[in-house]
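Notes to accompany the following structure.
In what follows, chains are A, B, ... by sequence order, proteins preceding strands, each numbered from 1.
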Amino acid sequence: MHWSDVIAQRLAERGNDHIIATGITPSGEFHIGHLREILTGDMIARAARRAGLNAELVFVVDNADPLRKVYPFLDSSYEEFIGHQLGAIPAPNEDGEPDWNRYEREGWSYGDHFLEPFLMALKQIGVEPRLIPNLTSYREGKFADAAKKACDDPDAIREIIERVSGRELPADWFPWQPIDSKGSLDGLTITGYEYPLVMWTDQYGAKGQSDITKGEGKLPWRLDWPAKWGFNNITCEPFGKDHGAAGGSFATGVEIAAFFGHEPPQSLVYEWISLRGKGAMSSSTGNTVGPIEALRLVPPEILRLLIANSKPNKAIEFDTGMGLVNLADEYERLSSRDFAEELSNDTLSRRQRVQIEDAQAALRLSMVSAGEQAEATSVSFRHLALLAQIKPDDDGIWSSLIESGAISEPTSALSDRLMRMRAWTGSKHFPEEMRIEILSEPDETSLSQLDEEQRKVIHHIATELDAAEWTAEGITLAFKNAATHAEAPMRSMYRACYAMFMGSERGPRLAPILANCVREEVCGLAKSCAAQLS
RNA sequence: GGGCCUGUAGCUCAGUCAGGUAGAGCGUCGGACUUUUAAUCCGAUGGUCGCGGGUUCGAACCCCGUCAGGCCCGCCA
């Protein structure tokens, strides 16, 4: 059974109505690691609906969390905002400086700034969750009940956290973090509590009181999370392994939720995504591939497949090079399979059946809109990568695909894919081994590996090319003539060609590529090769 | 110190929850197509399931131990 269906089944045992939550702190640029969070939630929601349940996906934007430090992409003037809530400080402009103008004019906050592009990417990828800005929840008093329970009995909370996490809390710890005289959550001392007010003194010596029903502060993370489960009626939440460890925030959250008086959600711990060869993704170190950037290169369904096809507890190494090619080809293979047909075979072992069903589920979850049928484009990613490099204009690609019978007309899905393919081939992510390049100098190593017959034909190729009409047809004819005159089979002729022009043993069809190259250069190369061998 | 995850073919991984003679894709090699848009098709190749023990008629799977890698126990998806 696919992992999403396993969770859906567990949800079905709990009841019929479900709210699946995801949550991210908008502290910096979002990356594809965050995509795993939200796609995991989306896939659970789809699986739950498929199982006949009511399911809604929500995205809690943790913009009540404080700015932790001045990240490299921020101007040093952000120093004054450390400890301030992300939804209550201005967004950085292009130079990383606070954009006060926009903040005062339209309330455009730091959190909004990083959230916006992520939401656009989500839309492209077929995920449109209900947004719950956490700061708003605080200001609307949604946390009031939980905050009251915690402040009324801090020792009970302290006991849970200390026992479950095994860490000792400071003596002056209090389950509410007020906002100080300058707007920061850091460095305060709690001096008293009388519902609904928490009395404090800040690091500047100022005194004040914080109303826990009006969001004049926030709950510490370990309480914030279980409190949200309650008033948002969360029944299921996938989260990263950082929260999932023993003694981690989920473990304490389960007990704190019980203390607040509600059930913890069905959990699902997922592994992180790392960038191949570069370690874990992290907004603060800038080691990221943004969802927008990823979508510029890869169609959304393929990005979805990456998540759907990996079990949550499996770490994913995102590889923008050959890994992407393999993933895309995998998608093509899946979409051309007839699962119903495969499953109708009743000699299948249990294992084989499960494998087919999981592949079917993964493909289904990869669709941008749920319920959409996967359509094989009948043009592999590899093939398109080739064409995109050879043919500078799209029309040339369509006509050659039509000619070869691969397609009957260019569909919008295909031209969309081609657009991304061109972005990819032009980017630094495009793998060298996929890059087609005609040599400018003879490659001695390749030439030296040719046998007698293959060498002999090179002279003829040079001569024939010189006289050829410079079109794909003309060049093909020249090749044939060369083989005939050298009395060599076409096989040897091609082998020689690849050694000459590409320094390889095999390759894509040469004539159309050469036709797009400068004639003098190609002929010059052929002559140098011939000269070198004689 | 406590805990979690991972370790299966050259590579990426299924298979472990319900024990029943090791799977897929890619790669590699060979062949076909009077040479191909790295195509396609056919065939072959390939694994002491990290290691050691135990339970069992039978273990990749369950139990105990052990090694290696990653991670968590302040914040991070």
Side-chain angles (χ1 to χ4, degrees), chain A residues 1 6 22-25 27-28 30-41 62 65-69 161 164-167 169-170 220-222 237-252 269-274 276 279-285 309-317 319 322-323 325-327 329-330 333-334 349-352 354-356 358-359 362 379-380 382-391 397 400-401 403-404 406 433-434 436 472 479-480 483 489-495 497-498 502 504-513:
Chain A
M1 209 189 308
V6 172
T22 59
I24 301 170
T25 305
S27 57
F30 284 67
H31 49 68
I32 53 169
H34 295 117
L35 220 45
R36 186 171 206 175
E37 160 102 6
I38 204 118
L39 280 176
T40 303
D62 282 318
D65 292 1
L67 182 70
R68 294 277 174 216
K69 60 175 188 180
I161 294 178
V164 179
S165 76
R167 92 181 212 251
L169 294 172
W221 164 245
R222 287 194 184 240
E237 180 158 356
F239 48 86
K241 62 174 179 181
D242 48 331
H243 295 312
S249 50
F250 186 74
T252 51
V269 179
Y270 60 84
E271 255 286 354
W272 287 19
I273 297 183
S274 60
R276 186 169 189 86
M281 243 176 266
S282 158
S283 315
S284 44
T285 59
N309 215 12
S310 312
K311 302 209 302 184
N313 66 2
K314 207 83 190 171
I316 295 177
E317 263 196 43
D319 175 3
M322 282 312 287
V325 180
N326 293 333
L327 183 66
D329 283 346
E330 170 75 11
R333 269 195 302 279
L334 285 175
S349 69
R350 178 182 138 243
R351 201 180 280 169
Q352 288 170 314
V354 163
Q355 208 157 348
I356 296 170
D358 283 358
V379 181
S380 79
R382 277 192 147 79
H383 191 168
L384 197 61
L386 200 69
L387 291 175
Q389 291 180 82
I390 299 169
K391 310 255 182 190
I397 293 181
S400 98
L401 282 173
E403 226 167 274
S404 68
E433 56 184 302
M434 292 280 292
I436 293 173
F479 284 158
K480 282 185 184 158
M490 289 295 275
R491 178 182 220 124
S492 300
M493 199 282 306
Y494 274 113
R495 181 67 212 276
C497 280
Y498 289 117
M502 301 186 71
S504 59
E505 290 183 24
R506 290 187 302 172
R509 194 178 207 172
L510 270 173
I513 301 172

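- In this structure, B/A44 forms a base pair with B/U28, meeting either the Watson-Crick or the G-U wobble geometry with both donor-acceptor distances under 3.5 Å.
- Atom-to-atom, NZ of A/K314 to C1' of B/U12 comes out at 10 Å; the value is rounded to the nearest Å.
- OP1 and OP2 of B/C75 both lie 4.0 Å or more from every side-chain N or O belonging to A/S27.
- Going from atom NE2 of A/H243 over to atom P of B/C71 covers 17 Å, rounded to whole Å.
- Checking the phosphate oxygens (OP1, OP2) of B/C76, no side-chain nitrogen or oxygen of A/R68 falls inside 4.0 Å.
- Atom CZ of A/R333 is separated from atom P of B/C41 by 11 Å (rounded to the nearest Å).
- In this structure, A/Y270 does not count as stacked on the base of B/A77 under the 5.5 Å centre distance and 30° plane angle limits.
- Proximity of A/K241 to the phosphate of B/G70: no side-chain N or O atom is located under 4.0 Å from OP1 or OP2.
- If you check every strand for non-hydrogen atoms under 4.0 Å, A/Y498 touches a base.
- A heavy-atom distance below 4.5 Å is not found between the side chains of A/Y270 and A/N313.
- For the pair A/K311/A/E271, no side-chain contact is recorded, criterion being any heavy-atom separation below 4.5 Å from C-beta on.
- At whole-Å resolution of the value, CD1 in A/I316 and C1' in B/G70 are 15 Å apart.
- Base pairing of B/C62: its partner is B/G54, meeting the Watson-Crick or G-U wobble criterion (both donor-acceptor distances under 3.5 Å).
- Taking atom CD1 of A/I397 as the reference point, atom P of B/U37 lies 15 Å away to the nearest angstrom.
- Rounded to an integer number of Å, the gap from CD1 of A/I273 to C1' of B/G70 is 16 Å.
- When side chains are defined from C-beta on, A/F250 does not count as touching A/V269, because their heavy atoms never get closer than 4.5 Å.
- The minimum heavy-atom distance linking A/G248 with A/R222 is given by the pair O-NH1, 3.2 Å.
- Look at A/N313 and you won't find any side-chain N or O under 4.0 angstrom from OP1 or OP2 of B/C4.
- The side chain of A/Y494 lies closest to B/U36, out of B/C75, B/A77, B/U36.
- Comparing B/U37, B/C73, B/A77 by their closest approach to the side chain of A/H31 singles out B/A77.
- Closest approach to the A/I24 side chain among B/A77, B/C73, B/A38 is made by B/A77 (side chain taken as heavy atoms from C-beta onward).
- As a whole-Å value, the separation of A/W272 CH2 from B/A77 P is 7 Å.
- Comparing atom distances between the A/L386 side chain and each of B/U37, B/C73, B/A77 picks out B/U37 as nearest.
- The phosphate of B/U16 (OP1 or OP2) has no side-chain N or O of A/K311 nearer than 4.0 angstrom.
- Figure legend. B/U34 is base-paired to no nucleotide; pairs are counted as Watson-Crick or G-U wobble with both atom distances under 3.5 Å.
- When every heavy atom of A/R167 is checked against every heavy atom of A/I161, the shortest pair comes out as NH1-CG2, 4.1 Å.
- By the 30° and 60° cut-offs, the orientation of the rings of A/H243 relative to A/W221 is tilted.
- A/T25 comes within 4.0 angstrom of the backbone, heavy atoms only, and of no base.
- Of the P atoms belonging to B/A14 and B/A24, the separation is 16 Å, rounded to the nearest Å.
- Between the P atom of B/C13 and the CG atom of A/L334 lies a distance of 16 Å, rounded to the nearest Å.
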